[in-house]
Every structure is written in structure tokens, then in C-alpha cells.
Amino acid sequence: MALSLAISPCPNDTFVFHALVHGRVPGAPPVEVTYADVDVTNTAAERGAFDLVKVSFAALPWLLDDYHLLPCGGALGRGCGPLVLTRGDRTGGPDRTDLTGATVAVPGDRTTAYLLFRLWSAGRPPARIEVVPFHEIMPGVAAGRYDAGLVIHEARFTYHRHGLTALVDLGEWWEADTGLPIPLGAILARKGAVDPEAAAGWVRESVRQAWADPAASREYVLAHAQEMELDVVDRHIGLYVNEFTADLGEAGFAAVTALLDRAADAGLVPQTSSSRATAWTS
């Protein structure tokens, strides 16, 4: 039986999963892969649509009854957080980070980026939130359709081209406040469909092969990189594929727990016990 896998077309995901997708991981089943933005996979995972799936850590409270959290393959790190962008000519009073009254475009309502934004803007939320496909956010802010936009991934390297300014780096805010890495994307294994210990082994071997021979995945990565320049692709992989990709470790799990606990205390997500978020083989 083929294993159904859903990941994003972003370079970090295609780099990590190249070996698994192409049948190069010993003992792993054949894989049928679907490429979709994380907002789509968050929703699909609620329906149990995939055996292995990349989702936002922010979506875990709605998914852990049906999925195991794998300790590898995801996206965590430092210096890689979401950015809140505005036009360079925006005026916002003495405190330019105050978005009260603004319309903000976000990439999904259950993304980690939006959850961090809600935690950061608590007490002074914007007037309106619009969920917008990721590729439309920066052009929309530049054109004045939105007062600000919440962006992730390669936008860190390209927002200047749209004449935009970073109002706040939510990763820097999170790290300064918690001392922890920022948990962005998680890999889940559907209960009853795939053994989580075996799946973690397959993913770790795929990561090992990616690092051992980066050139092997280059054509595959570029084919799905949505016209990104080679330099941006390499910087993207270098930032988002790191030690936490191979193993979340204590710091990674602590970051996940801190995010979900803070969000639950703020009434933004259902309460999720730390044991459900860490005991991935239970």
C-alpha cells in the first residue's frame, strides 16, 4: 500500500522529503505525494486525508486525537519567524507597531504565524483580518489593499523588492520573550494508518540523505520552488532545515508546549496537555 504524504512545495519540505518521495529510504513504502500550502493541509488533516502530513504547530490542538506528532521532519528554529510587513510610507502614529484600525492579510487562520500574531497583538488587535493566499500578500500590501501583511518563509529574503518594511519580526519577539526556538511546521502520522516509530525512522533517513548529498535533490527542489532564484532557495533551506529537523529534542518540545499553553491561556486554542504534544508513540 502506498503512503499518502502531504507537504508544501517550499524548498525546505522538498529538500527534506526528496529521498522518501523517490523511494530511496530502505524499508519505507512507496509514497503518493500531494503539494499544498499549510493552510490547506491543516484543514485536510482534520478530515484524516493523509497518512503523513505537514501542518502548523498551531493546528495541533485540533489534530492530536487522530495523529501522532513526529519528533523530526518539521520546521523550527531561531531567526526564522514570521514578519509583519507594511508599506514604507505607512504612518501609524508614535507607535508604528500599533495596528489598531488596520486591515491585515494573513496566510491562514490556524497557522503558527497567525497564532503568534494574535499573541503579539493581544490588547490592540487590528480591525480586520483577511485570509489571503500567501503569494498575494506582499503585492496586496504594496498596492494598498491591506494595511499590513503577515508573511513566512522566503518572504524574509524578498520583501524589500515590493517596497515593504518589516514592522516586527515575530520570531525575534518570541525568542526574546521565551528564550525558545520558534515552532512553525510539524509532521504528523495518522493513527491506525502508519506506525509513528517507523515513520520517524523513514523521515530521519530522508533528512540524513538530504544533508549527505544536497545536489541529489536540487532538480526536484527547483521544480517546486515557484520560480525562486537559486540563492533564495539555498538561503531558505539553510534557515529552515536545521538540528530541529533531525530531532525536536527537549528545546523543540518545550517550544511547542510553550506556544500551545500560552495560546490556550489566552483562549485562542483548545487546551492541549503537554503529554499529548510530546508522547508521540502513545
Side-chain angles (χ1 to χ4, degrees), residues 8 10-13 16 38 54-61 69-86 95-99 104 106-108 110-126 134 137-138 148-160 164-187 207 232 234-266 268-269 272 274 277-278:
S8 81
C10 292
N12 60 305
D13 281 354
V16 164
V38 72
K54 171 80 172 285
V55 300
S56 301
F57 275 109
L60 292 190
L69 170 63
L70 296 190
C72 53
L76 293 86
R78 298 184 184 276
C80 61
L83 303 178
V84 180
L85 304 178
T86 63
D95 182 2
R96 293 190 68 250
T97 64
D98 187 349
L99 293 173
V104 180
V106 304
R110 287 190 182 172
T111 59
T112 305
Y114 183 44
L115 183 56
L116 287 167
F117 177 83
R118 295 173 77 189
L119 291 169
W120 169 76
S121 63
R124 51 178 188 177
F134 173 70
I137 293 178
M138 289 192 291
L150 180 64
V151 300
I152 54 176
H153 291 331
E154 68 274 6
R156 293 188 65 88
F157 313 121
T158 60
Y159 70 88
H160 299 288
L164 303 180
T165 299
L167 199 65
V168 63
D169 183 324
L170 293 176
E172 290 182 358
W173 168 78
W174 171 262
E175 290 177 50
D177 200 47
T178 67
L180 296 167
I182 182 168
L184 297 169
I187 303 298
V207 173
V232 173
D234 288 341
R235 293 168 69 189
H236 183 117
I237 292 171
L239 185 60
Y240 292 100
V241 184
N242 51 48
E243 67 270 25
F244 297 107
T245 311
D247 194 288
L248 291 177
E250 291 185 9
F253 281 121
V256 176
T257 300
L259 175 68
L260 298 184
D261 284 351
R262 287 186 175 212
D265 290 345
L268 302 178
V269 304
T272 303
S274 59
T278 58

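Note that the numbering runs from 1 along the sequence shown for the chain.
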- Message: Would the distance check show the side chain of Thr112 and the main-chain N or O of Ala58 forming a donor-acceptor pair, the cut-off being under 3.5 Å?
- Response: yes
- Assign the ring pair His153 / His236 to parallel, tilted or perpendicular, where the plane angle (0 to 90°) is split at 30° and 60°. tilted
- Item | Gap between atom OG of Ser121 and atom CG of Leu150 - 0.5 Å precision | 9.5 Å
- Query: Are side-chain heavy atoms of Lys54 and Asn12 found at a separation under 4.5 Å?
  - Reply: yes
- Nearest heavy atoms of Leu99 and Ala148, plus distance in Å: CD2-CB, 4.2 Å
- Message: Suppose the criterion is salt bridge (Lys or Arg N to Asp or Glu O under 4.0 Å): which pairs have a residue in residues 240-254, not counting sequence neighbours?
- Response: Arg204-Asp247
Got a list of side-chain donor-acceptor pairs under 3.5 Å for residues 177-184, not counting sequence neighbours?
| unit_1 | atom_1 | unit_2 | atom_2 | d |
| --- | --- | --- | --- | --- |
| Asp177 | OD2 | Arg262 | NH1 | 2.5 |
| Asp177 | OD2 | Arg262 | NH2 | 3.4 |
| Thr178 | OG1 | Trp174 | O | 2.8 |
| Thr178 | OG1 | Leu180 | N | 3.1 |

- Item | Non-hydrogen side-chain atoms of Leu164 and Leu83 separated by less than 4.5 Å | no
- Which residues satisfy the side-chain hydrogen bond (donor to acceptor under 3.5 Å, both in side chains) test with Ser8, sequence neighbours excluded? Asp13
- Message: Just to verify, what does Asp265 make a salt bridge (Lys or Arg N to Asp or Glu O under 4.0 Å) with, not counting sequence neighbours?
- Response: none
- Message: Checking Thr111 now: which residues fulfil side-chain hydrogen bond (donor to acceptor under 3.5 Å, both in side chains) with it, not counting sequence neighbours?
- Response: none
- With sequence neighbours left out, write down each residue that passes salt bridge (Lys or Arg N to Asp or Glu O under 4.0 Å) with Arg110, or none if nothing qualifies. Glu46
- Message: Side chains of Val207 and Cys72, heavy atoms from C-beta outward: is any pair under 4.5 Å?
- Response: no
- With Val168 via side-chain contact (heavy atoms from CB on, under 4.5 Å) - residues at least two apart: Val84, Trp120, Leu170
- Item | Where Gly74 and Ile187 come nearest, the two heavy atoms and their spacing | N-CG1, 3.7 Å
- Message: Using the side-chain hydrogen bond (donor to acceptor under 3.5 Å, both in side chains) criterion, which residues pair with Asp169? Sequence neighbours excluded.
- Response: Arg156
- Item | Closest approach of Ala263 to Leu115 (non-hydrogen atoms, all atoms of both residues) | CB-CD1, 3.7 Å
- Message: Phe57: which residues meet the ring pair (Phe, Tyr, Trp, His ring centres under 6.0 Å) condition with it, sequence neighbours left out?
- Response: none
